[in-house]
**Q** 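Here you go, one structure.
Quick caveat: nothing in here was measured; it's all calculated off a predicted structure.
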Amino acid sequence: MCEKENLDKTYNHTETEDEIYKFWEENNYFKPSGVGEKYTIVMPPPNITGNLHMGHALDNTIQDIITRYKRMCGYSMLWVPGTDHASIATEAKIIEELRKENLTKEQLGRNEFLKRAWEWKEKYGSNIKKQLKKLGVSCDWEHERFTLDSGCTEAVKEFFVNLYKKNMIYRGEKIINWCPKCLTSISDSEVNFEEKPGCFYYIKYKLINSEENIIVATTRPETMFGDVALAVNPDDERYKNLIGQEVIVPIVGRKIPIIGDSYVDIELGTGVLKITPAHDFNDFEVGQRHNLPILNIMDEKACINELGGEYSGLSRTEARKKIVENLQKNNYILKIEELKHNVGTCYRCSTVIEPRISTQWFVKMKKLAEMSINSVQNDEIKFVPKRFDKIFFHWMENIKDWCISRQLWWGHRIPVWYCENCGEIIVSKEENITHCTKCNSDKLLIEHDTLDTWFSSGLWPFSVLGWPENTQELREYFPTKVLVTGYDIIFFWVAKMIFSSLEIMKKPPFEHVLIHGLVRDSQGRKMSKSLGNGVDPLEIIDKYGADALRFSIILGTSPGNDMRFYAEKVESCRNFANKIWNAARFVNLKISEKKCNQKITISKDIIQNMSRTDRWILSRLHKIIQEIRCDLDKFELGIAAQKLYNFIWDEFCDWYIEFSKLSNEICILIYVLENILKLLHPFMPFVTEKIWQCFSTSKDAIIIEKFPKFESLYINEEAEREIEILMTFVKSVRNLRRELNIGNKKVDIYVEYGNQEAGNVLATCCEEVKKLACIESIHVLKPGVSFDCECSVAVNEYAKIYIPTENLIDKSQELAKLQKELDVSRAQLDQARARLSNQEFMSKAPQKVIQGAREVKEKLESKIEKLLLSINKLTK
RNA sequence: GGGAGCAUAGCUCAGUUGGUUAGAGCACUUGCCUUACAAGCAAGGGGUCACAGGUUCGAGUCCUGUUGUUCCCACCA
């Protein structure tokens with residue numbers, strides 16, 4: 001796939017990514033292996049209308065990391081992709097398109113309209129697929145599904161009929177949320193409340209047989225034509241004697257009663273409420289309780305109908321204006337107060353919702369909600385992070401029946417026919433019902449309404465596996481393991497999958513729900529079209545590479561928390577990809593120098609004969625392997641990424657590679673690099689695969705390599721401690737060099753070791769130390785022997801280091817430096833001593849912590865001793 | 001009105017069951033083109049972990065309260 005020679009100094013993602021993706025696809029690496037335990041993820045299906053945005057990028061990166069990790073761990077990994085027909089959103093787009101041709105959907109007719117919609121799907125539905133591939137998702141594209149494909153349609157019909165037979169679906173005339181623009185009902189969860197300015201109109205209603213007026217405060221005077229009563233609280237001293245009397249609705253002139261109902265809040269407004277059952281949810285309920293008539297005064301577009309007399313045909317807002325003018329003219333308005341209030345709007349088009357009485361289909365939610373709550377309470381389904389279960393419970397506990405019918409054409413038609421002859425409702429999975437099942441009449445009306453999009457996506461975890469057919473795949477790959485999604489669609493989607501699955505599959509659809517936050521802009525604002533602050537993931541991928549984008553939205557983030565998007569962060573991740581690229585180039589160089597690239601199997605014997613630095617890096621690597629596995633199993637991707645970043649950059653590149661420049665041993669170097677690449681592959685799939693293909697001795701692809709396994713054999717605390725000494729020493733010398741401002745000049749140093757171990761380590765790693773700290777020669781001093789020379793000194797817990805030089809630091813400056821260090825060390829020592837002399841600490845703290853405190857104490861004592869000597873000498 | 005999150009370096013964020021001297025990236029200062037990498041290397045500065053109490057041998061972490069902030073749910077009087 002690539003030439004080993006002449007590798008560019010800079011990693012080029014543009015040349016790499018598409019080629020690598022093609023390589024994976026052609027080799028069918030995304031398909032489940034069929035071997036090993038099954039692991040299933042279903043992709044939240046993006047809308048066919050949509051383009052890839054940062055939310056998708058995040059959601060799918062998380063899923064891809066899990067997928068690649070599990071695949072490398074030997075699972076038969078199935079990640080099912082697909083798209084959602086998004087009935088209301090897509091239908092709106094097509095109507096928009098028609099409008100440009102001066103057509104309405106009615107003019108076009110249902111069949112032609114649907115033809116258009118399918119054309120739209122064919123045209124744009126694959127767009128997002130291409131975009132997801134750019135991101136590097138390793139889902140099984142052969143399993144790709146669509147919520148409106150024939151299998152999903154079968155599933156929807158089966159589910160509907162099943163629930164209907166169990167009396168869990170019913171048809172009823174209720175007040176529902178109506179969007180006057182989309183011209184359809186929508187469910188409670190599809191309503192957004194927005195704060196909008198409005199007015200409180202105080203209107204006089206004249207009592208019959210009296211000159212007295214009752215003042216009613218309302219924000220919607222235009223609904224007066226639908227008034228059927230005034231209501232007061234029966235405990236309200238001011239009004240309770242009025243209950244039973246009648247008033248006249250101004251302008252309208254109709255008589256309506258005054259009723260008592262405890263729903264009325266005495267404190268709010270004037271304490272009198274006008275009851276308009278057809279246009280308000282609460283009024284509807286009050287009306288039901290008091291057996292009041294229902295006067296619907298608006299049409300489907302929320303224009304006043306014939307009941308509105310002269311206002312008939314006007315829109316809600318126009319009518320309000322005209323009616324208020326009329327009321328003012330006739331002195332019916334006492335006052336008008338401005339206020340801000342929350343108004344329900346359509347989540348798709350932001351039009352103000354009009355509550356509307358209509359006949360719709362509903363799912364009974366009580367039992368389903370109870371089951372769902374139980375499954376989360378019993379930990380059959382676990383939210384990650386856990387706090388989201390509270391939100392889920394609260395929502396489920398207060399849920400009302402779910403309105404599932406939509407007055408749209410693009411969607412699953414409700415499988416129902418009505419007999420005009422006997423009134424029978426026929427619910428059937430059959431395509432063509434021609435005769436009534438009860439009276440055999442052929443006068444049947446077909447139900448035109450379609451189902452809420454979420455009704456079909458609620459079945460997604462099992463419909464994509466073949467349900468309602470009892471397929472082998474369904475038996476093997478259901479339930480799924482984890483569902484990855486943002487907290488913003490827990491109610492829309494997650495909840496629906498949970499109860500649908502519990503009801504029909506008798507099992508939870510997944511074990512974990514991994515919740516992530518929103519990707520916001522750099523100022524913390526939600527990315528939105530209207531603000532124009534959206535960041536296009538494809539542009540970022542183009543510029544920095546998919547690996548960089550992926551890593552930047554994972555690194556240092558935690559589940560459920562929002563994050564801000566910064567190009568600078570992507571840039572630093574791009575640099576990280578380049579760093580690994582160059583580390584690999586270095587290893588490759590070593591290999592070609594040695595003309596040897598055999599793999600090694602590491603045994604105990606070999607480990608014992610290895611150099612200290614090799615034992616150290618292997619120990620560190622295996623600790624990291626253990627931690628990464630642990631973090632990934634807990635879905636702590638952000639922490640895992642951080643650890644990898646630090647290990648690769650700070651330990652492997654900055655120290656081990658430097659060490660290895662002095663060594664001829666390359667087996668361990670190769671071994672560590674290969675393991676690093678495997679650990680990193682789920683996060684940065686492209687660059688790791690590219691390197692694997694270029695450098696690896698193995699012929700296969702890294703995507704199907706085994707994920708590194710922790711082996712305690714490699715853990716070597718001694719080597720870690722020794723390298724720690726070495727690093728501390730090198731850093732001290734470097735620090736002193738910097739202070740002395742001696743550039744890159746090689747120096748001679750004189751050293752007094754703090755203890756035997758330090759002496760041994762530094763003696764045996766002499767070459768490494770010299771190279772890393774730019775030292776010409778090291779002269780070892782005997783402990784306690786005073787060293788008289790014009791030099792500056794650095795002190796740490798392991799050694800005292802002198803550098804003779806002409807550019808001596810000012811004596812007082814040097815003294816101040818040492819004094820400052822002494823003060824800090826003394827304070828720390830005091831702390832450690834206090835802790836160790838504390839009886840309760842000694843008796844209650846774990847041994848590990850006590851031992852740690854002892855070590856700290858010893859190190860500090862050694863350091864302080866040396867510092868004091870140096871200070872004494874300076875002040876002499 | 002009910003609930004939840006967040007508050008840690010100049011900025012953006014990590015910090016998993018409480019345990020040595022609180023971390024990273026970016027930005028900043030200084031010196032280096034040291035043969036993998038200037039998209040780099042090395043050294044450094046910068047934090048009362050919002051505030052006030054409490055529990056504990058020990059609190060950024062747990063509890064209570066306060067302040068600020070964001071979000072969710074409910075709600076067209």
**Q** Taking B:U30 as the reference, what is the distance to B:G45 when you measure between their P atoms (whole Å, please)?
**A** 15 Å

**Q** Kindly give the heavy-atom pair with the smallest separation between A:Y645 and A:S572, and that separation in Å.
**A** OH-O, 4.4 Å

**Q** For A:H279 and B:C75, what is the distance between atoms NE2 and P respectively, to the nearest whole Å?
**A** 18 Å

**Q** Choose from B:U70, B:C57, B:A24 the nucleotide whose nearest atom is closest to any side-chain atom of A:Q642.
**A** B:A24

**Q** Could you tell me the Watson-Crick or G-U partner of B:A36, where both distances fall under 3.5 Å? Say none if there is no partner.
**A** none

**Q** Looking at A:K543, I'd like to know if its NZ atom is crowded, meaning that more than 12 non-hydrogen atoms belonging to other residues, nucleotides or ligands lie closer than 6.0 Å.
**A** no

**Q** Between B:C26, B:C11, B:C76, which nucleotide has the shortest distance from any of its atoms to the side chain of A:Y566?
**A** B:C11

**Q** Between A:N398 and B:G3, is there a side-chain N or O to OP1/OP2 distance below 4.0 Å?
**A** no

**Q** Scan every strand shown for a Watson-Crick or G-U wobble partner of B:C62, both distances under 3.5 Å, and answer none if you come up empty.
**A** B:G54

**Q** Without decimals, in angstroms, what is the distance between A:D631 CG and B:U16 P?
**A** 11 Å

**Q** Could you verify whether a donor N or O on one side chain and an acceptor N or O on the other, from A:N838 and A:R835, lie under 3.5 Å apart?
**A** no

**Q** Can you measure A:H394 atom NE2 to B:C71 atom C1' for me and round it to whole angstrom units?
**A** 14 Å

**Q** Select one nucleotide: of B:C57, B:U12, B:U16, the one nearest the side-chain heavy atoms of A:E636.
**A** B:U16

**Q** Go through the steps for A:R320 and A:R220 under the test side-chain contact (heavy atoms from CB on, under 4.5 Å), then give the verdict.
**A** CA-CA 7 Å; A:R320 179 181 301 179; A:R220 300 200 62 194; 4.0 Å; yes

**Q** Any side-chain N or O of A:R835 less than 4.0 Å from the OP1 or OP2 oxygen of B:C57?
**A** no

**Q** Taking side-chain contact (heavy atoms from CB on, under 4.5 Å) as the definition, give me every residue that meets it alongside A:V216, ordered by chain and number, with sequence neighbours left out.
**A** A:Y205, A:L230, A:V272, A:K274

**Q** Please state how far atom NZ in A:K526 lies from atom C1' in B:C72, giving the value in whole angstrom units.
**A** 10 Å

**Q** Using Watson-Crick or G-U wobble geometry with both distances under 3.5 Å, which nucleotide pairs with B:U21?
**A** none

**Q** Could you tell me which nucleotide pairs with B:G1 by Watson-Crick or G-U wobble geometry, both distances under 3.5 Å, or answer none if nothing does?
**A** B:C73

**Q** What about A:K634: does its side chain form a donor-acceptor pair under 3.5 Å with the base of B:U16?
**A** yes

**Q** Measure CD1/A:I670 against P/B:A36 and give the value in whole Å, please.
**A** 16 Å

**Q** Consider the side chain of A:I639, meaning its heavy atoms from C-beta on, and name the nucleotide among B:G19, B:G5, B:A14 that approaches it most closely.
**A** B:A14

**Q** Measure from CG on A:N561 to C1' on B:G5 and round the result to the nearest Å.
**A** 7 Å

**Q** Distance check, C1' atoms only: B:U69 and B:A24, in whole angstrom units.
**A** 25 Å

**Q** Quick one: is B:C76 close enough that its OP1 or OP2 comes under 4.0 Å of any side-chain N or O from A:N282?
**A** yes

**Q** Whole angstrom is fine here: how far is it from CE in A:M563 over to P in B:A14?
**A** 8 Å

**Q** Taking for each residue the nucleotide of RNA chain B with the nearest heavy atom, is it A:A853 or A:D562 whose nucleotide lies nearer the 5' end?
**A** A:D562

**Q** Using only heavy-atom distances, determine whether the side chains of A:Y202 and A:E337 contain a donor-acceptor pair under 3.5 Å.
**A** yes

**Q** Which one is paired to B:G44, where only Watson-Crick or G-U wobble pairs with both distances under 3.5 angstrom count?
**A** B:C28

**Q** Side chains of A:S732 and A:Y798: closer than 4.5 Å at any heavy-atom pair?
**A** no

**Q** Is the distance from OP1 or OP2 of B:U21 to the nearest side-chain N or O of A:Q831 less than 4.0 Å?
**A** yes

**Q** What string of B, S and - do you get for nucleotides 37-45 of chain B, 5' to 3', when a contact is any protein heavy atom under 4.0 Å?
**A** BSBSSSSS-

**Q** My understanding is that a pair needs two contacts under 3.5 Å, Watson-Crick or G-U wobble. By that rule, which nucleotide pairs with B:C6?
**A** B:G68

**Q** Hey, does the side-chain of A:N342 have a donor or acceptor N/O within less than 3.5 Å of a partner on the base of B:C76?
**A** no

**Q** Which comes earlier along RNA chain B counting from the 5' end, the contact point of A:G638 or that of A:K390, where each point is its nearest nucleotide?
**A** A:K390

**Q** For residues A:Y263 and A:D283, is any side-chain donor paired with an opposing acceptor at under 3.5 Å?
**A** no

**Q** Taking the inter-plane angle between the rings of A:Y656 and A:F652 on a 0 to 90° scale, is it parallel (under 30°), tilted (30 to 60°) or perpendicular (over 60°)?
**A** parallel

**Q** For A:L555 and B:G25, what is the distance between atoms CG and P respectively, to the nearest whole Å?
**A** 10 Å

